[in-house]
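Here is the naming used below: chain letters follow the sequence lines, and residue numbers restart at 1 for every chain.
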2 protein chains.
Amino acid sequence: MIEKSIEESIVLSIFDLSNQLKKIGDEVYQKVGLTTQQWLILLHLANNPNLPFFKREEHKKALMASELADSLNVSRANITNLINVLLEKGLVQQFEDSQDRRKKRLSLTKQGVALVEKTQPSRFAVIEYLMEGFTKDEKETFLRFLEQSMNRIINDEERIKSFHKMLVGV
Amino acid sequence: MIEKSIEESIVLSIFDLSNQLKKIGDEVYQKVGLTTQQWLILLHLANNPNLPFFKREEHKKALMASELADSLNVSRANITNLINVLLEKGLVQQFEDSQDRRKKRLSLTKQGVALVEKTQPSRFAVIEYLMEGFTKDEKETFLRFLEQSMNRIINDEERIKSFHKMLVGV
DNA sequence: TATAAATAGTTAATTATATTAACCATTTCC
DNA sequence: GGAAATGGTTAATATAATTAACTATTTATA
């Protein structure tokens, strides 16, 4: 019998919630031929200050594909594919970096900006509805919690995996 | 310019954190030839009381594939495949329901139980480490927050999607 | 009580989403 | 000046899922 644990309940709920949000996102954005992943790229290119990526590090210059790969935690090759769709749809544009000719900087087109702006209110409405009834303080504490967990995962990844050393050879 | 919003930061962080946890899970459980999804099935069959599924509804009888499909929010066909691997590995067993011969009940084998029990301490250690430093009260508030969000998504899914009606025809 | 509808599980074919490996071009580091 | 690192792409592949069709069984209904 596994014992009850608030901590494990939280982790499993985060998993569950994230799953559901992704499903809903995929269904909603499918209407404009996008996936949740592609939508996240648009949010990055819109410099959405609420993205964990922008809290971890500042970015003055336009993003490039490899930075998106970092943020979304996927391969560069995958980003190439995701971006190709956005380019075809005319939501994103690419230009060479003047200093470093290996790099391609990405930005939203006028249409891309318009799409993000247009959907902003409804996204905010959904989000507000989900967490209605909690105080600002509670939300701030919750955010700190999520950020601490992420930091520990990023900085101590090896340590975390080492907790599971015992699994080898089962 | 998108404005700062605690609420959106929380949602995007949940996404990010869940992603990272899944990546780590896949890497860790790969050592025993399992994916995070298969691992979650084992947790269900171990009747882990921390799973949102068991908080939403009580289950006296052994679970069946379609209930797992509900909980993990995937198709039944997919569950069939996931379970086949667990059956091959001898971690799970299947038996027919005596009352209803359509149904197949699932349970852990001795080995399955052993595996779950063996890894329990390390899983708990990781989880505790992630949320170290927060009080019991704070954690309880997080959990209530997550549960409310999930409930609203489940009960008001149509309402949530309707927020995005405007997307059609962009 | 016969029949239609619903439920549970499986299979086969397919789609979606990602990865790895190899490669080119360019820049950075000794 | 040459080796190593970085950024992006391509092609081949892996994986994880889906849908649709089917069987078996049970439940609802007319």
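- One atom, CG of N84(B), and another, C1' of dT15(D), lie 16 Å apart when rounded to the nearest Å.
- On the nucleic acid side, DNA chain C contacts chain A at distances under 4.0 Å to non-hydrogen atoms, with the end points of that region at dT17(C) to dT27(C).
- Rounded to whole Å, the distance from CG on N19(A) to C1' on dA17(D) is 12 Å.
- For R102(A), no side-chain nitrogen or oxygen approaches OP1 or OP2 of dG8(D) to under 4.0 Å.
- For dG8(D), the OP1/OP2 oxygens have a side-chain nitrogen or oxygen of S66(A) closer than 4.0 Å.
- Among the heavy atoms of the strands, none lies under 4.0 Å from E67(A).
- For the atom pair CZ of R105(B) and CD of Q93(B), the computed distance is 14.5 Å after rounding to the nearest 0.5 Å.
- Identified under the salt bridge (charged side-chain N to carboxylate O under 4.0 Å, His left out) test for residues 62-76 of chain A, with sequence neighbours left out: none.
- The nucleotide whose nearest atom lies closest to any side-chain atom of D100(B) is, among dT25(D), dG7(D), dT9(D), dT25(D).
- Salt-bridge formation is not detected for the pair D97(A)/R102(A): no Lys NZ or Arg NE/NH1/NH2 atom is positioned less than 4.0 Å from an Asp or Glu carboxylate oxygen.
- H59(B) and F54(B) have perpendicular rings, their planes meeting at more than 60° on a 0 to 90° scale where under 30° would count as parallel.
- Distance, D26(B) CG to dA14(D) P: 18 Å, rounded to whole Å.
- At dT18(D), one or more side-chain N or O atoms of N78(B) fall inside 4.0 Å of OP1 or OP2 (strictly under the cut-off).
- A close approach under 4.0 Å does occur between a side-chain nitrogen or oxygen of T80(A) and OP1 or OP2 of dT9(D).
- In this structure, L72(B) places its CG atom 15 Å from C1' of dT18(D), rounding to the nearest Å.
- With respect to E7(B) and K139(A), a salt bridge is recorded, a charged nitrogen being found less than 4.0 Å from a carboxylate O.
- Ring pair H44(A)/F53(A) is tilted by interplanar angle, where 30° to 60° counts as tilted.
- Between the P atom of dA16(D) and the CD atom of Q38(B) lies a distance of 8 Å, rounded to the nearest Å.
- Checking I79(A) against S98(A), the closest nucleotide of DNA chain C that is more toward the 5' end is the one next to I79(A).
- Between Q30(B) and dA14(D), a side-chain N or O to OP1/OP2 separation shorter than 4.0 Å is absent.
- One interatomic measurement links the two molecules: CZ of R76(B) to C1' of dC22(D), which rounds to 12 Å at whole-angstrom precision.
- At a threshold of 4.0 Å, the pair E140(B)-K136(B) counts as salt-bridged, since one of the basic side-chain nitrogens sits closer than that to a carboxylate oxygen.
- A salt bridge does not link K31(B) with D26(B): every distance from a Lys NZ or Arg NE/NH1/NH2 to an Asp or Glu carboxylate oxygen is 4.0 Å or more.
- Counting any heavy atom pair closer than 4.0 Å across all strands shown, Q99(A) reaches sugar-phosphate atoms only and no base atom.
- In this entry the distance linking CE of M64(A) with C1' of dT6(D) reads 8 Å, nearest Å.
- Side-chain nitrogen and oxygen atoms of K23(A) include at least one within less than 4.0 Å of the OP1 or OP2 phosphate oxygen of dT18(D).
- At a threshold of 4.0 angstrom between heavy atoms, the contacts of A77(A) include nucleobase atoms, whether or not backbone atoms are also involved.
- If you measure from atom NZ of K103(A) to atom P of dA5(D), you get 17 Å, rounded to the nearest angstrom.
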